[in-house]
Structure formats: C-alpha cells, structure tokens
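Here the structure is a predicted model, which means the values were calculated and not measured. The figures here come from the full heavy-atom set of this structure, side chains too, leaving out hydrogens, waters and symmetry mates.
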2 protein chains.
Amino acid sequence: MTKENVPSFLYLTAAQARTLAKRMPTEETLYELADLYKMFADSTRVRILSALQTQELCVLDLAALLGITQSALSHQLRILKQAKLVKSRREGKVIIYSLADAHVESIFKQGLEHVRE
Amino acid sequence: MTKENVPSFLYLTAAQARTLAKRMPTEETLYELADLYKMFADSTRVRILSALQTQELCVLDLAALLGITQSALSHQLRILKQAKLVKSRREGKVIIYSLADAHVESIFKQGLEHVRE
DNA sequence: ACTATATATGAACACTTGTTCATATGTTTA
DNA sequence: TAAACATATGAACAAGTGTTCATATATAGT
C-alpha cells in the first residue's frame, strides 16, 4: 500500500507533499469517482440518461427514440443499472426504466453548463 | 441526418416522441458532454485533476506525488490540455500545470457528492 | 400448450485507450 | 557549445469497451 521508493520531488518538500496529499480525497474515492464518470463517458449512455430525464420509458420505445438496437440498449441498461443510475420495474410484458435518483440530473446539468461554455 | 425508417414505438405516439426529443439537448451537445466526462473517466486523470485542485505543480512533482511515470503523466497532461481542463506555463526549465477554470472543481465536487452517497 | 412479443445475455469482433520504452525537443548551467 | 535536466512525443503493445448476431428467458394472448 505504501510507496517503496521515495519519489524525488523538485520543488516540493516531503512535508509539503504530505499535507498536499492529505487535502486530496482517498485514492479509493478517486477510483470510484472515475468509475462514476465512466458511466457518462459514452454517448449512447448519455443519450439514454438524457431521454430518461424527460420521462420513464420502456426498452423498445427508448430504442426507437434513440435509433439504436434493442440489444445494444439492453446491454447499456444493464451497465447503468449496476451503477445504480437507473432502475426498472415490470409492467406486464414490458419493463419500464427510469432514473434512479436526482443525482444523475444534477451531474448532468453541471456538465452541460461546462459544455455550453 | 433524419431517420429513414420510422421507428415503431410501443406506447409513445409519434407526436409524443417529437416533443420528448425536443426536451432533450442536441445530439451534438450530448456527444460533447460524453467527451467531457471521458476526461474524468480515468483514474490517473482524476488523480491529476485532484492534485492540481490543491495547488499548481510541475510535471516531475506531480509524477512523484502520484507515483506515475513522467511519460504517462505527460501524455495525460496533453489530453487534459487539449480538453482545456488544465493550462500550463513555463518557468525556466520547468513547466507548471494548473486547472484551467473553476468548472473542473464544480464538476468534481458534484461527482464526489454522489460517490460519498 | 403454442405463438407472439418484450427484454436479456453470451460470444465474437472491431475499436479505443492508457502505459511503456526509446528518443526528441527545449532550457539552463558549466 | 556541451552536458545535464525537464518535458514531450511516436510507436508498439495490452487491456478494456461497445456493438452485433444469435439465442435465451419471460410474459400475454389465443
């Protein structure tokens, strides 16, 4: 877990490096953060999430709306569900997907602000 | 640009699908959004951005701090710079990197809130 | 029970992406 | 101007990822 070879800093003293590291989130947290953003890092998934933001939808309607294969969509929905970004419920023959919580929306909006400069 | 084959909706009427689509951001915007999140979707880059959030740093100090190769770091810094998430300035022999703007920080915090549940 | 419909899943494949290694560029100091 | 140092970059490689195709599962209607 600890570094074996002490890295050689150029300007930073070892003490400065330590306090700097303390001000950062845990490595584990940063890994989780990267994993979260991976979900948003694919255009198909972003489009899925964006559509579900307007209203809940069943798989075929979602596929038709976005113009993608049912299979491709299903695979992505599974990934999004595992990440707890979407949830689903069955209604007869059909399974309806919706956003899991409000966090997705706020992450989304934050990103859009940046993109739209 | 337009779909040739009208998709067959299950519950959605064509009119509903249209209004729904109008409430979504442009496809182009969603692509840009995915590209933005791609920057945060790698743990190395997240760690770089996290470190730069505490203070500006030169490449070697950053490499030492994160325990990664100078080469790997340099590659990632180039990617982050192209995405306009970091900027750099030369100071003598050394090149110092810092965050490009405050947006990075807010995107970061938004994600952390979700990760920390 | 059989058929049609809606969704899920496994395997294969192409494509992308991050790291490493070697080397190039650019700056300072002797 | 040579040597030392800091950073950048190209090519090669390994690992990861998204789509497609075929097929499986599950529910509804006849």
Side-chain angles (χ1 to χ4, degrees), chain A residues 5 7-12 27 30-31 34-49 51-52 56-83 85-98, chain B residues 5 7-12 27 30-31 34-49 51-52 56-83 85-98:
Chain A
N5 304 333
S8 61
F9 291 110
L10 210 59
Y11 292 129
L12 249 46
E27 277 219 22
L30 293 175
Y31 271 85
D35 281 340
L36 170 64
Y37 283 124
K38 271 181 195 141
M39 294 301 111
F40 293 85
D42 173 74
S43 61
T44 302
R45 284 195 294 272
V46 167
R47 292 173 68 223
I48 292 171
L49 292 172
L52 293 181
E56 57 177 24
L57 287 163
C58 73
V59 179
L60 280 188
D61 279 353
L62 198 46
L65 187 71
L66 302 181
I68 60 181
T69 320
Q70 177 271 316
S71 179
L73 178 58
S74 227
H75 280 295
Q76 295 298 355
L77 285 173
R78 187 169 49 80
I79 292 171
L80 289 171
K81 199 175 177 184
Q82 281 172 350
L85 296 181
V86 306
K87 61 187 177 193
S88 66
R89 69 169 198 279
R90 179 177 281 277
E91 229 168 67
K93 229 191 313 199
V94 158
I95 294 185
I96 296 174
Y97 279 85
S98 56
Chain B
N5 303 335
S8 61
F9 292 110
L10 211 60
Y11 293 127
L12 248 46
E27 276 216 23
L30 292 175
Y31 272 84
D35 281 340
L36 170 64
Y37 284 124
K38 271 182 194 137
M39 293 302 110
F40 294 84
D42 174 74
S43 61
T44 303
R45 283 195 295 273
V46 166
R47 292 173 67 223
I48 291 170
L49 292 172
L52 292 182
E56 55 176 26
L57 287 163
C58 73
V59 179
L60 279 188
D61 278 353
L62 198 44
L65 187 70
L66 302 181
I68 60 181
T69 319
Q70 176 270 318
S71 180
L73 177 58
S74 226
H75 280 295
Q76 297 297 357
L77 285 174
R78 187 168 49 79
I79 292 171
L80 289 171
K81 200 176 178 185
Q82 281 172 349
L85 297 180
V86 305
K87 61 188 177 192
S88 66
R89 69 170 197 280
R90 178 176 281 278
E91 230 169 65
K93 230 187 318 195
V94 158
I95 294 186
I96 295 174
Y97 279 85
S98 56

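- Straight-line distance from the CG atom of D35(B) to the P atom of dT16(C): 13 Å, rounded to whole Å.
- Separation of atoms CG (L10(A)) and NZ (K93(B)) is listed at 8.5 Å; rounding is to 0.5 Å.
- Using cut-offs of 30° and 60° for the angle between ring planes, the Y37(B) and Y37(A) rings count as parallel.
- Here CG of L52(A) is found 8.5 Å from CG of L80(A). Values are rounded to the nearest 0.5 Å.
- Scanning all heavy atoms of the two residues, the minimum distance from Y11(A) to D61(B) falls at N-OD2, 3.1 Å.
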Run the numbers on V86(B) and L49(B) for side-chain contact (heavy atoms from CB on, under 4.5 Å), then give the verdict. CA-CA 8 Å; V86(B) 305; L49(B) 292 172; 3.8 Å; yes
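- Note that CG of L30(B) is 11.5 Å distant from CG of D42(A), once rounded to the nearest 0.5 Å.
- When rounded to the nearest whole Å, the span between CG of D42(A) and C1' of dT19(D) equals 10 Å.
- When rounded to the nearest whole Å, the span between CZ of R47(B) and C1' of dT19(C) equals 14 Å.
- A distance of 8.5 Å separates NE2 in H75(A) from CD in Q70(A), rounded to the nearest 0.5 Å.
- In this structure, T69(B) reaches the dT20(C) phosphate: one of its side-chain N or O atoms is under 4.0 Å from OP1 or OP2.
- Regarding D61(B), its CG atom lies at a distance of 16 Å from the P atom of dC5(D), rounded to whole Å.
- Judged by distance alone, with hydrogens and angles left aside, the side-chain atoms of R45(B) form no donor-acceptor pair with the main-chain N or O of A34(A) at under 3.5 Å.
- Note that OG of S43(A) is 6.5 Å distant from NZ of K38(B), once rounded to the nearest 0.5 Å.
- Checking the phosphate oxygens (OP1, OP2) of dT17(C), no side-chain nitrogen or oxygen of Q76(B) falls inside 4.0 Å.
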Protein and nucleotides 25-29 of chain C: nitrogen or oxygen contacts under 3.5 angstrom:
| unit_1 | atom_1 | unit_2 | atom_2 | d |
| --- | --- | --- | --- | --- |
| dT27(C) | O3' | G92(B) | O | 3.4 |

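- In this structure, L10(B) places its CG atom 9 Å from C1' of dT5(C), rounding to the nearest Å.
- With rounding to the nearest 0.5 angstrom, the CG atom of L73(B) is 8.0 Å from the OH atom of Y97(B).
- Counting to the nearest Å, the C1' atom of dA6(D) and the CD1 atom of I68(B) are 16 Å from each other.
- Following rounding to the nearest Å, L60(B) (CG) and dA8(D) (C1') show an atom-to-atom distance of 12 Å.
- Remark: R45(B) is not in phosphate contact with dT17(C), judged by side-chain N or O atoms under 4.0 Å from OP1 or OP2.
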Under 3.5 Å between N/O atoms: give me all the protein pairs with nucleotides 12-16 of chain D, atom names plus distance.
none

Does the side-chain contact (heavy atoms from CB on, under 4.5 Å) test come out yes or no for L65(B) and F9(A), once each step is laid out? CA-CA 8 Å; L65(B) 187 70; F9(A) 291 110; 4.1 Å; yes
Every protein N/O within reach of nucleotides 8-15 of chain C N/O, cut-off under 3.5 Å:
| unit_1 | atom_1 | unit_2 | atom_2 | d |
| --- | --- | --- | --- | --- |
| dA8(C) | OP1 | Y97(A) | OH | 2.6 |
| dA8(C) | OP2 | S74(A) | OG | 2.7 |
| dA8(C) | N7 | Q70(A) | NE2 | 2.9 |
| dT9(C) | O4 | S71(A) | OG | 2.7 |
| dG10(C) | O6 | H75(A) | NE2 | 2.9 |

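- Spacing between atom CG of L73(B) and atom C1' of dA8(D) amounts to 11 Å, rounded to whole angstrom units.
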